[in-house]
Amino acid sequence: MNQRLLLLDGHSLAFRSFFALPKDAFRTDQGQYTNGIHGFVNTLLKLYADTKPTHVAVAFDLSGGTFRTKEYAAYKGGRADTPEEFKGQIPLIQEVLDALGITWLTLDQYEADDIIATLAERGVKEGMEVVVSSGDKDAYQLVNDRVTLLYPMPRSQMLEMTPEVVKERTGVTPDQYPDLAALVGEKADNLPGVPGVGAKTAQKWIAAYGSLDGIIEHADEIGGKVGASLRENIEQVKLNRKLNHLLRDMPLEVSFDELKPRGVNREAVHQLFDTLDFTSLRPRVLAELPLAEGDTEEAGESMDALEAVMAGPGDIARWLGGRSTQRLGLYILGSGEPARGDVGLLAIADESGQAIVADRADFSEEDEASFVSWIEDAEAPKVIHEAKAAWHAIKGAFNAHLVGVDVDTELAAYILHPDQRTYDLADLVARHIGIALPDMEADELDLGLSVGGGAANGPGARAWALLPLATVLSGELAKRDSTELLNSLERPLMTVLARMEDRGIAADVAVLEELRSAFDARVTAAAEAAYAAIGHDVNLSSPKQLQGVLFDELGLPPTRKTKSGYTTNAEALTDLYAQLAFREDDTAVAGREFLGQLLEHRDAIKLKQSVEGLAKSVLSDGRIHTTFQQTVAATGRLSSTEPNLQNIHARTEEGQRIREAFVPGDGYESLMTVDYSQIEMRLMAHQSGDAALIQAFIDGEDLHSYVAGHVYGISPSAVTSAQRNKIKAMSYGLVYGLSAFGLSRQLRIDRSEAQQLMDDYFERFGAVKRYLDSIVAQARKDGYTSTILGRRRYLPDLTSDNRQRREAAERMALNAPIQGSAADIIKIAMLSVDEALTSGSLTSRVLLQVHDELVLEIAPGERDAVRELVETHMGSAVDLSVPLSVGVGVGANWRAAAH
DNA sequence: CCACACACGTA
DNA sequence: CGTACGTGTGTGGC
């Protein structure tokens with residue numbers, strides 16, 4: 001029979017991958033680099049698919065010497081040390097091979113290529129077709145009509161080297177190649193060739209004398225400088241030839257039976273790929289390599305079990321009929337936008353693999369009633385990816401309120417790994433249950449299209465995959481003790497957020513329009529004045545063009561460098577302005593005018609864009625419906641998009657006018673803001689246990705004056721405002737991992753003064769210092785930080801060799817427990833406030849969250865009751881060693897509700 | 001058309 | 001050389 005033997009040089013292929021793939025993109029939580037492993041497995045899969053071998057072996061070099069280094073100490077000398085990031089990947093590749101059921105070999109004193117040469121020789125003798133893949137040119141000599149070499153090329157291409165191709169590329173036959181290499185030398189192996197002899201000369205000699213032996217025999221007949229050179233270096237050439245000869249008779253104690261792939265051990269692959277963070281390779285490995293015996297039919301992990309059907313009218317009702325209390329997976333294709341949700345297609349699947357896919361447009365009355373009662377049944381457990389989006393889709397399409405979400409797989413994945421930008425369902429399924437979901441075509445993603453039988457596969461498979469995915473994720477969470485965080489905090493919060501988004505906040509479009517026009521006038525005036533100052537137009541929004549004006553035309557001194565030139569940010573422009581203050585030449589006068597108008601333009605255009613963006617996002621109900629992102633911030637915070645209502649101007653007078661456009665809607669009389677005061681410093685006090693800091697909060701004094709009094713050794717009442725400001729900056733900076741350099745820059749004081757300030761601060765608040773140090777130490781040990789609710793953030797860079805990355809990770813480690821705990825606390829408070837409002841039968845409701853602040857819409861007559869309620873529930877969200885102080889304000893708009 | 005850089009708003 | 005985000009604009013690659 002046709003037997004084919006595939007032989008790989010493991011080290012050589014992995015090393016190429018290591019340099020081909022960006023190492024920082026392949027790094028696990030634990031700091032292990034995996035680019036070489038990933039590339040190797042990828043190459044292996046490709047070779048396997050291309051060659052369909054019956055036998056496979058991977059050969060590795062051993063570290064330490066070989067017979068070649070004994071013979072010639074300089075062999076492969078002069079190479080740079082193996083990169084630290086590559087070491088350690090080889091043993092992991094060998095573990096992967098074990099899991100894949102593929103044999104790998106090493107042999108003391110010999111190189112991978114010797115093993116390959118030996119096996120190739122034996123394979124040919126057995127009548128096999130042999131395919132070798134190695135990036136080592138020495139392997140050329142193995143090529144013949146039964147042995148093909150696949151030589152790796154850039155962009156993961158493989159060059160198929162037959163004897164003809166070798167001849168074409170080297171000018172000699174495969175068995176002559178080592179002769180040629182001996183003459184020319186091999187830089188990679190530190191083997192010098194004959195000076196003056198290149199490939200052309202060597203080819204000519206080999207053609208003339210047949211082989212190296214022939215050349216040596218007739219060395220005296222070769223004239224000219226190269227002849228003399230050859231005669232002088234004849235010993236080196238002989239040595240080269242000896243070293244580059246691959247041994248074909250190694251004592252390998254391996255039989256061809258052992259080289260037959262043993263099949264993939266699923267469990268081992270899952271385990272290993274989990275620790276390696278491999279997502280995309282997992283389904284490929286399982287699909288493209290043979291599975292080990294008894295490992296083919298694993299319950300719940302094979303898509304063979306899936307039976308998806310398209311629903312006709314009445315089918316949904318019938319399907320749900322017998323299953324309404326089972327745990328079911330629900331997948332929705334549609335729009336999950338707040339207040340504009342809709343369902344195009346939906347799919348529901350049960351644990352047995354039965355799935356039904358339905359077009360919303362085909363729902364009968366009976367289907368709708370059955371579906372809605374299932375959706376609104378809290379005892380009917382549902383598994384959904386992005387449940388909040390599903391909530392909106394269902395609200396929009398059925399006017400029903402989703403309850404009974406057992407697992408939101410997106411939220412679960414976020415709790416496990418909060419540092420990913422997105423949590424794509426197909427990626428999670430591939431990663432956690434090792435199945436490649438069928439791609440969904442773009443037209444399947446469109447709403448309301450008629451759907452043929454084939455299209456059911458995508459949604460059906462997704463609904464089906466949710467159930468095993470939820471089981472795996474729940475298991476991971478339980479192992480990590482994070483079940484509570486998901487089920488008691490994030491999952492119920494999802495519904496609270498959905499309702500907040502659904503409500504939106506009323507906007508006064510007349511105010512927005514008035515502001516737009518006022519800001520627009522400022523923009524135009526500033527732009528014209530700026531053009532006048534320099535005598536021509538310029539795009540004031542183009543940093544590149546501004547650099548031309550500032551540094552070339554006006555000859556101003558360069559500012560801080562950016563990646564693509566010099567910064568033109570407000571801070572730098574203000575500095576430049578100050579530098580021109582004492583000059584009265586024409587350029588300086590023009591420069592000052594230009595800079596002043598540019599700053600004015602920046603300010604005005606930002607305000608204008610902000611107002612325009614808000615105006616555009618007002619829906620027909622007169623309200624702005626933001627989307628709160630519950631799974632994007634690595635610290636556990638929420639974020640807000642489309643539009644972002646967490647960064648509405650608040651600091652300047654002009655900016656605050658924008659907040660006047662946020663008003664109570666019909667049926668409500670005011671807005672209320674409730675915020676935590678200094679929650680991060682309170683957490684610092686609590687977590688550090690610093691007695692002085694705790695006392696400050698218990699006494700309820702002005703924090704920054706109190707701390708400044710301690711630092712400067714004076715009474716708080718004697719603290720000047722300059723002293724207070726410095727200490728305030730320092731206190732806030734601590735939460736962000738501020739350095740003395742950063743503090744000096746921010747306060748525009750000497751480095752030494754900043755250092756002194758920090759020293760004095762830590763002298764007085766020693767526990768704070770010890771706490772901050774301990775956070776980093778603990779995080780380095782564990783690999784992650786934790787909040788008061790046990791929310792983790794993984795920071796593998798804490799052990800990076802790269803100082804910048806490491807220090808950045810240290811700052812994140814300092815900040816994450818504080819910022820994240822504050823996020824935990826306000827989330828608890830949101831649940832508790834929401835619950836209290838509902839159970840108190842109040843109409844007032846929460847509309848927005850801005851990290852440490854809630855914005856509520858107050859119904860007539862409820863103001864005082866709500867004030868008391870929010871003070872109580874926010875103030876008692878958690879029990880700390882310092883009080884949680886809450887500020888409340890009420891007014892006719894968001895600005896007026898500030899306090 | 002898309003990704004990136006820059007600038008800047010919030011906590 | 002202070003954390004966490006999102007958005008608008010310009011730019012230069014494809």
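Small disclaimer: the values here were computed from a predicted structure and weren't measured. Below, chain A is the first sequence line, B the second, and so on; all start at residue 1.
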Exercise. Under 4.0 Å between a side-chain N or O of A/T562 and OP1 or OP2 of B/dC6?
Worked result: yes
Exercise. Touch check for A/T567, heavy atoms < 4.0 angstrom, all strands: base, sugar-phosphate only, or nothing?
Worked result: sugar-phosphate
Exercise. When the distance from CE of A/M812 to C1' of C/dC5 is rounded to whole Å, what number comes out?
Worked result: 13 Å
Exercise. Under 4.0 Å: is that the gap between some side-chain N or O of A/K544 and OP1 or OP2 of C/dT9?
Worked result: no
Exercise. Is the base of B/dG9 touched by the side chain of A/N647 through a donor-acceptor pair closer than 3.5 angstrom?
Worked result: yes
Exercise. Do the ring centers of A/Y732 and A/Y736 come within less than 6.0 Å of each other?
Worked result: no
Problem set entry | Distance test, side-chain N/O of A/T568 to OP1/OP2 of B/dC6, below 4.0 Å | no
For this session: Give me the ring orientation class for A/Y794 and A/Y784: parallel if the planes are under 30° apart, tilted from 30 to 60°, perpendicular past 60°.
Result: perpendicular
For this session: For the pair A/D408 and A/K388, find out whether any cationic side-chain nitrogen is under 4.0 Å from an anionic carboxylate oxygen.
Result: no
Exercise. How many Å lie between CG on A/D603 and P on B/dC8, as a whole number?
Worked result: 10 Å
Exercise. Contact class for A/A808 (heavy atom, under 4.0 Å): base, sugar-phosphate, or nothing?
Worked result: nothing
Exercise. Which whole-number value in Å describes the distance from A/N644 CG to C/dG6 C1'?
Worked result: 5 Å
For this session: Would you classify A/R811 as touching base, sugar-phosphate or nothing, given that sugar-phosphate means primed atoms plus P, OP1 and OP2, and contacts are heavy atoms under 4.0 Å?
Result: sugar-phosphate
Exercise. Within the distance-only criterion (no hydrogens, no angle test), does the side chain of A/Q656 pair as donor or acceptor with the backbone N or O of A/A650 below 3.5 angstrom?
Worked result: yes
Exercise. Ignoring hydrogens and angles, are the base of C/dT3 and the side chain of A/Q819 linked by a donor-acceptor pair under 3.5 Å?
Worked result: yes
For this session: Would you classify A/I648 as touching base, sugar-phosphate or nothing, given that sugar-phosphate means primed atoms plus P, OP1 and OP2, and contacts are heavy atoms under 4.0 Å?
Result: sugar-phosphate
Problem set entry | Phosphate OP1/OP2 of B/dC8 contacted by A/R651 side-chain N/O (<4.0 Å) | no
For this session: Would you classify A/A740 as touching base, sugar-phosphate or nothing, given that sugar-phosphate means primed atoms plus P, OP1 and OP2, and contacts are heavy atoms under 4.0 Å?
Result: nothing
Exercise. How is A/R602 classified with respect to the nucleic acid when contacts are heavy atoms under 4.0 Å: base, sugar-phosphate, or nothing?
Worked result: sugar-phosphate
Seminar exercise, completed: Here the distance between atom P of B/dA7 and atom NE2 of A/H601, to the nearest Å, is 15 Å
For this session: Using a heavy-atom cut-off of under 4.0 Å over every strand shown, decide if A/R793 touches base, sugar-phosphate, or nothing.
Result: sugar-phosphate
For this session: Assign A/Q609 to base, sugar-phosphate, or nothing according to its heavy-atom contacts below 4.0 angstrom with the strands shown.
Result: sugar-phosphate
Problem set entry | Sugar-phosphate only, base, or nothing, as touched by A/V850 at under 4.0 Å among non-hydrogen atoms | sugar-phosphate
Exercise. Base, sugar-phosphate, or nothing for A/K563, non-hydrogen atoms under 4.0 angstrom?
Worked result: sugar-phosphate
Exercise. Is the shortest distance from a Lys or Arg side-chain nitrogen in A/R499 or A/D834 to a carboxylate oxygen in the other one below 4.0 Å?
Worked result: yes
Exercise. What does A/G733 touch in the nucleic acid at a heavy-atom separation under 4.0 angstrom: a base, only the sugar-phosphate, or nothing?
Worked result: base
Exercise. Under 4.0 angstrom, heavy atoms only, what part of the nucleic acid is A/Q545 near: base, sugar-phosphate, or nothing?
Worked result: sugar-phosphate
Problem set entry | Polar contact flag, side-chain donor to acceptor under 3.5 angstrom, A/D575-A/Q579 | no
Exercise. OP1, OP2 of B/dA5 versus side-chain N and O of A/S564: anything below 4.0 Å?
Worked result: no
Exercise. Can you find a side chain N or O atom of A/S640 that sits less than 4.0 Å from OP1 or OP2 on C/dC5?
Worked result: no
For this session: Report the distance from atom CG of A/D797 to atom C1' of C/dT3, rounded to the nearest whole Å.
Result: 16 Å
Exercise. How many Å lie between CD on A/Q804 and P on C/dG2, as a whole number?
Worked result: 11 Å
Problem set entry | Ionic contact status for A/K769 with A/D773, cut-off 4.0 Å | yes
Exercise. Looking across every strand, which nucleic acid part, if any, lies under 4.0 Å from A/E680 by heavy atom: base, sugar-phosphate, or nothing?
Worked result: nothing
